[in-house]
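Following: one structure in structure tokens, then a few remarks.
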Number of protein chains: 2
Amino acid sequence: MGRNRATLADVARRAGLSKTAASMVLNGREGTRLSAEAHQRVFAAAEELGYRPNLAARSLRTRKTATIAFVSDIVATTRFAGDLIRGALDAARERDHVLLITETQGDATFEQYAIEAVLDRQVDGVIYAAMATRRLSVPAAILGGPVVLLNATSPDGLPSVVPDDEGAGRSVAAALLELGHRDAIALIGRNRLKEDDPEVSLAASARLHGIRQTLDEADVSLLAECFCTEWLPEHGYAAMRGLLSKPKRPSAVICMNDRLAFGAYQALGEAGLTVPEDISVISFDDDPIAAWLRPSLATTALPHEQMGRRAVELLLDGGVAEPALVGMPLRRRRSLAPPAG
Amino acid sequence: MGRNRATLADVARRAGLSKTAASMVLNGREGTRLSAEAHQRVFAAAEELGYRPNLAARSLRTRKTATIAFVSDIVATTRFAGDLIRGALDAARERDHVLLITETQGDATFEQYAIEAVLDRQVDGVIYAAMATRRLSVPAAILGGPVVLLNATSPDGLPSVVPDDEGAGRSVAAALLELGHRDAIALIGRNRLKEDDPEVSLAASARLHGIRQTLDEADVSLLAECFCTEWLPEHGYAAMRGLLSKPKRPSAVICMNDRLAFGAYQALGEAGLTVPEDISVISFDDDPIAAWLRPSLATTALPHEQMGRRAVELLLDGGVAEPALVGMPLRRRRSLAPPAG
DNA sequence: ATGCTCTGCTAAATCAGTTTAGCGACCACT
DNA sequence: AGTGGTCGCTAAACTGATTTAGCAGAGCAT
């Protein structure tokens, strides 16, 4: 890779100047008294030789690598990770930085290894990302330099970026109230573990809180709340069947994520009910399936790309201590309608 | 980041030896005549100081960075990308390497930039990945060093890794024949563009070829073939409705991917038909939705994680010139049954 | 006593940049 | 004539590793 690249010395020689001069010109240093002609000769030489600086050499001296480590627990499992990374990549490119990506798989040994690997490479900072929004404590090793938590918060008060799940909860509830739903709104996806343990999830309690707050303000209370051990389609399916077996049928259902909603759709289909005429459905995440469902599913989008971007900006530009909340936009789709009767 | 790290000089001083000695001991060099005691002193000093070599300094001298560039057209859009990256990350870690990830977004300027950025950082090799299996030509700039194409082939005969779509086509057809389907097998997802332009897709023609070959051998021909402009759920939905409007109803349907199958399920549900009693469905990709559908969808899995792994292995261990085919395992699920009557 | 080999180790060069300190030429002013 | 300042530029140190070349001392033979 990169054999016979021209070096700074080559450029200087061709320009008939010293390495010092060449370096200063190419770095656009102010206050050097190099002549306009010297500038031109250096630029011309660099151009002709196709000179590109060797960043390994540069960073040895400057202790800057223009490289950011993106350390996450799990990259692959959730498809959202891709958006997080894409946002970070975009922002990094805009600032002439590059991303070194590693994965810990939630394993302490791997984590240790990953962190050493990136620190050995002299990264300028670390983005420590979690794939489920949660609280965590970061390994001490990375505290020596800039760190930003992505999709996570920590007790150490490190800068962090998280989605505004509470706001999303409010939007969801408000959207239903707006349509006239009141006394027959059901909720699918209560989960003690997620709600009570911030190290498992911050989203569950925030979403619930947002929903409750808005409903309370309108003096509305939920018709039913279904607990689910996980937030997968099968649990949404079972929960919806449960709801339909009760005497009073809900006019609208809030699902804690799109996968639950997907399962709920399946149960509704089997029961011969149509969305949204018989029941409105709304949820969280904006998983790609939300748009693929028939009818398309109204939901609040996890702004992963934005979040990745913010994390890089916070890391490089410095940022506030309190968590940066990124809004979750409501995607109004066809699964919403006013209540039937 | 990493201020006050101990240097090799610190270790040498503490061990009462020269940098040369310390370097040789820590690198486990054979044939040096350093005493056992010297070895111990160096190891002890390194341990006590928590010494970690500065890889920027090392690579300046050795021209090796233990870093691989992963350059792809689009990371985020498809959720499969995550698996590709995960496989590559795993294999890289096993070999003490790390991944520098960039994205070109299919834009020539970004691509140019991305490639310069990684070459400037002296990566040891480049994995050039495409998110849809296709043929492409790689930018000349990266040809200076090791390159492996991932999920793509090129006319230059570079080492490459692709899924065995043709084998998947054979598996799919064979699975239906095995169950007794013969004269009422339909295909959803023909697509001229994908089939005819290898720079758009290699998968479409390979899958089709595999299917045809196996059916031909059994002297079976397809009942119907539906063309789709894209491979999205809505197109699968429309195609399935088309099929159901014809006099002879298929006993089994092959969809060119899971998203088409998802759409086909929707149409079947609306028509009041059940899978697999009325119609069997089988497809390609093993998207997560395949397992979430009711009934779960039989499909052939894109082995993305394996592929990412192979790419790294090929890059570091050197490999053959012809494309490495990675098998696509058949996932037998509940959407398959013998034909009805 | 001299020369030779072997052992155990080190000084110094090297990689490709950045940065510090300062040099020689020229001019202006007293 | 001496002094001081600016201009335009460079030599050399420095970053932290690896690697080449070679040195000092011991042991042994001649």
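Below, read A as the first sequence line, B as the second, and so on, with proteins coming before strands; counting in each chain starts at 1.
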- For DNA chain D, what residues of residues 23-36 of chain A have any heavy atom nearer than 4.0 Å? A:R33, A:L34, A:S35
- Query: For B:L325 and B:P163, which heavy atoms make the closest approach, and how far apart are they?
  - Reply: CD2-O, 3.9 Å
- Over how many whole Å does the gap from A:D10 atom CG to C:dG17 atom C1' extend? 12 Å
- Query: Taking the nucleotide of DNA chain C with the closest heavy atom to each, which residue, B:A38 or B:R61, is nearer the 5' end?
  - Reply: B:A38
- Whole-Å distance separating the CZ atom of A:R121 from the C1' atom of D:dG16: 16 Å
- Between C1' of C:dG8 and NE2 of B:H39, the distance in whole Å: 12 Å
- Item | Side-chain ion pair, B:R5 and B:D10, N-O less than 4.0 Å | no
- Nearest-nucleotide check on DNA chain D, A:R41 vs B:A22; residue mapping nearer the 5' end is A:R41
- Message: Quick one about B:Q306 and B:D83 (side-chain donor to acceptor, distance below 3.5 Å, no hydrogens or angles considered), yes or no?
- Response: no
- Message: Assuming nearest nucleotide by heavy-atom distance, tell me which of B:A57 and A:T20 is located more 5' along DNA chain C.
- Response: B:A57
- Heavy atoms, side chains only, cut-off 4.5 Å: are A:D120 and B:N54 in contact? no
- Query: Rounded to whole angstrom units, what separation is found between the CD atom of A:E37 and the P atom of D:dC7?
  - Reply: 18 Å
- Message: Rounding to an integer number of Å, can you tell me how far A:L8 CG sits from C:dT18 P?
- Response: 6 Å
- Query: Checking all strands, does B:L55 fall into the base, sugar-phosphate, or nothing category for heavy-atom contacts under 4.0 angstrom?
  - Reply: nothing
- Query: Salt-bridged, A:R310 to A:D317, with N to O below 4.0 Å?
  - Reply: no
- Can you tell me if the side-chain N/O atoms of B:T7 get under 4.0 Å from OP1 or OP2 in D:dG16? no
- Measure from CG on B:L60 to C1' on C:dT18 and round the result to the nearest Å. 12 Å
- Check A:S160 against A:T153 and note the closest heavy-atom contact, atom names and distance. OG-CG2, 3.8 Å
- Tell me: CD of A:Q40 to P of D:dC9, nearest whole Å? 12 Å
- For atom NZ of A:K19 and atom C1' of D:dA11, their distance in whole Å: 10 Å
- Message: Looking at every non-hydrogen atom in both residues, tell me the closest pair between B:L119 and B:A141 and how far apart they are.
- Response: CD1-O, 3.6 Å
